[in-house]
Colleague: 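First, the structure itself, so that you have it in front of you.
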Amino acid sequence: MSHPAPQPPSPQQNPDPDSSPYPYPDSHHPEVPPAPHPLLTPVLALLGTWRGQGSGQYPTLDEDFTYAQEVTFTHDGRPFLHYEARAWLLAPDGTPLRPSARESGWWRLQPDGRVEALITQPTGIAEIAVGTATSAPTTVDLSAHEVAFTPTAKKVDATRRRYTLTDDGTLAFTHDLAAVGQPLQHHLSARLHRRP
């Protein structure tokens, strides 16, 4: 018994993967598909892009500084957030001076509001942080569980990050740091507002 020769698939059946858009885009808002995974409930209010200003200091720095920061949280329907943050230093008059910190990672939501976060930085540092996420108000508190660094990176021993969504819709961020022989202490704080 002979079988008919296979026919080439139509473009609708097998689109060119090099020219097709990614079929599973991230969502920046809980009302925009895909539907968020139920485990994301404590952090749904963080979805989107936030921008604002902050200040920083550390004993090993010559002086305190002011910076601007943009943070984006997205999801693709699975129980984790994609997290991306970038900052740039500001002159006293608010003029941008130069790029500063940048990091990207994933926040893996677990039952009972536990969070496991993987955060990497181009300075050669990778953190695994653990903590909790709660709603009313939305608060995420993460502390470093493990820190790895490349051979030329500055040594970081511990970090703690806190994100709190206040009643007026401000995302308050604080970052504590233990690095280059210094104990864990305040390093950064910022107040961010949702971008349209």
Side-chain angles (χ1 to χ4, degrees), residues 28 42-43 45-74 81-109 115-134 137-150 152-195:
H28 290 76
V43 295
L46 297 181
L47 289 174
T49 298
W50 301 79
R51 185 181 280 190
Q53 291 188 12
S55 60
Q57 66 262 351
Y58 208 66
T60 58
L61 300 176
D62 292 334
E63 58 186 9
D64 296 354
F65 59 92
T66 302
Y67 69 98
Q69 184 175 28
E70 183 177 88
V71 178
T72 301
F73 299 97
T74 61
L81 292 182
H82 179 234
Y83 158 80
E84 187 170 13
R86 56 185 169 183
W88 52 101
L89 295 180
L90 298 174
D93 66 358
T95 304
L97 292 174
R98 63 175 175 82
S100 187
R102 192 158 189 176
E103 55 189 30
S104 181
W106 307 95
W107 291 10
R108 303 174 65 231
L109 277 290
V115 183
E116 300 172 351
L118 296 87
I119 302 169
T120 60
Q121 302 168 16
T123 53
I125 299 165
E127 299 175 47
I128 297 174
V130 295
T132 58
T134 57
T138 299
T139 302
V140 178
D141 193 335
L142 299 170
S143 294
H145 176 71
E146 296 283 342
V147 181
F149 35 89
T150 62
T152 58
K154 290 183 179 179
K155 185 177 182 196
V156 172
D157 296 308
T159 65
R160 182 179 182 198
R161 291 174 169 80
R162 289 180 301 283
Y163 301 82
T164 304
L165 188 56
T166 64
D167 290 339
D168 69 354
T170 298
L171 182 59
F173 165 71
T174 59
H175 183 205
D176 299 337
L177 177 68
V180 292
Q182 298 293 321
L184 187 67
Q185 60 194 285
H186 178 74
H187 176 43
L188 303 170
S189 60
R191 296 179 64 79
L192 312 175
H193 303 279
R194 188 186 301 278
R195 302 279 290 177

Colleague: Answer yes or no: is there a side-chain heavy-atom contact under 4.5 Å between L192 and Q69?
Modeller: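 Touching, per the 4.5 Å side-chain cut-off.
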
Colleague: Between E103 and T120, do the side chains contain an N or O donor and an N or O acceptor separated by less than 3.5 Å?
Modeller: no

Colleague: My understanding is that only residues two or more places apart in sequence, or in another chain, count here; which of them pass side chain to side chain donor-acceptor pair (under 3.5 Å) with R108?
Modeller: E116

Colleague: State, yes or no, whether a side-chain contact exists between H82 and S104 at a heavy-atom distance under 4.5 Å.
Modeller: yes

Colleague: Between atom OG1 of T164 and atom CZ of R191, what is the distance when rounded to the nearest 0.5 Å?
Modeller: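 The distance works out to 10.0 Å.
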
Colleague: Do F149 and K155 make a side-chain contact, defined as non-hydrogen atoms from C-beta onward lying under 4.5 Å apart?
Modeller: yes

Colleague: Using a 4.5 Å cut-off on heavy atoms from C-beta on, say whether the side chain of Y163 contacts that of Y83.
Modeller: yes

Colleague: State, yes or no, whether a side-chain contact exists between Y67 and S100 at a heavy-atom distance under 4.5 Å.
Modeller: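 No - every pair of side-chain heavy atoms lies 4.5 Å or more apart.
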
Colleague: With D93, which residues qualify under side chain to side chain donor-acceptor pair (under 3.5 Å), at least two apart?
Modeller: T95

Colleague: Any luck finding a side-chain donor-acceptor pair between T72 and T49 under 3.5 Å?
Modeller: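 Yes, T49 and T72 have a side-chain donor paired with an acceptor closer than 3.5 Å.
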
Colleague: Applying side chain to side chain donor-acceptor pair (under 3.5 Å), can you list everything that pairs with S189, at least two apart in sequence or on another chain?
Modeller: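 Result, side chain to side chain donor-acceptor pair (under 3.5 Å) vs S189: none returned.
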
Colleague: Locate the shortest heavy-atom distance separating A133 from V43; write the atom from each residue and the value.
Modeller: CB-CG1, 3.7 Å

Colleague: Using distance alone, with no hydrogens and no angle criterion, decide if E63 and Q57 have a side-chain donor and acceptor under 3.5 Å apart.
Modeller: no

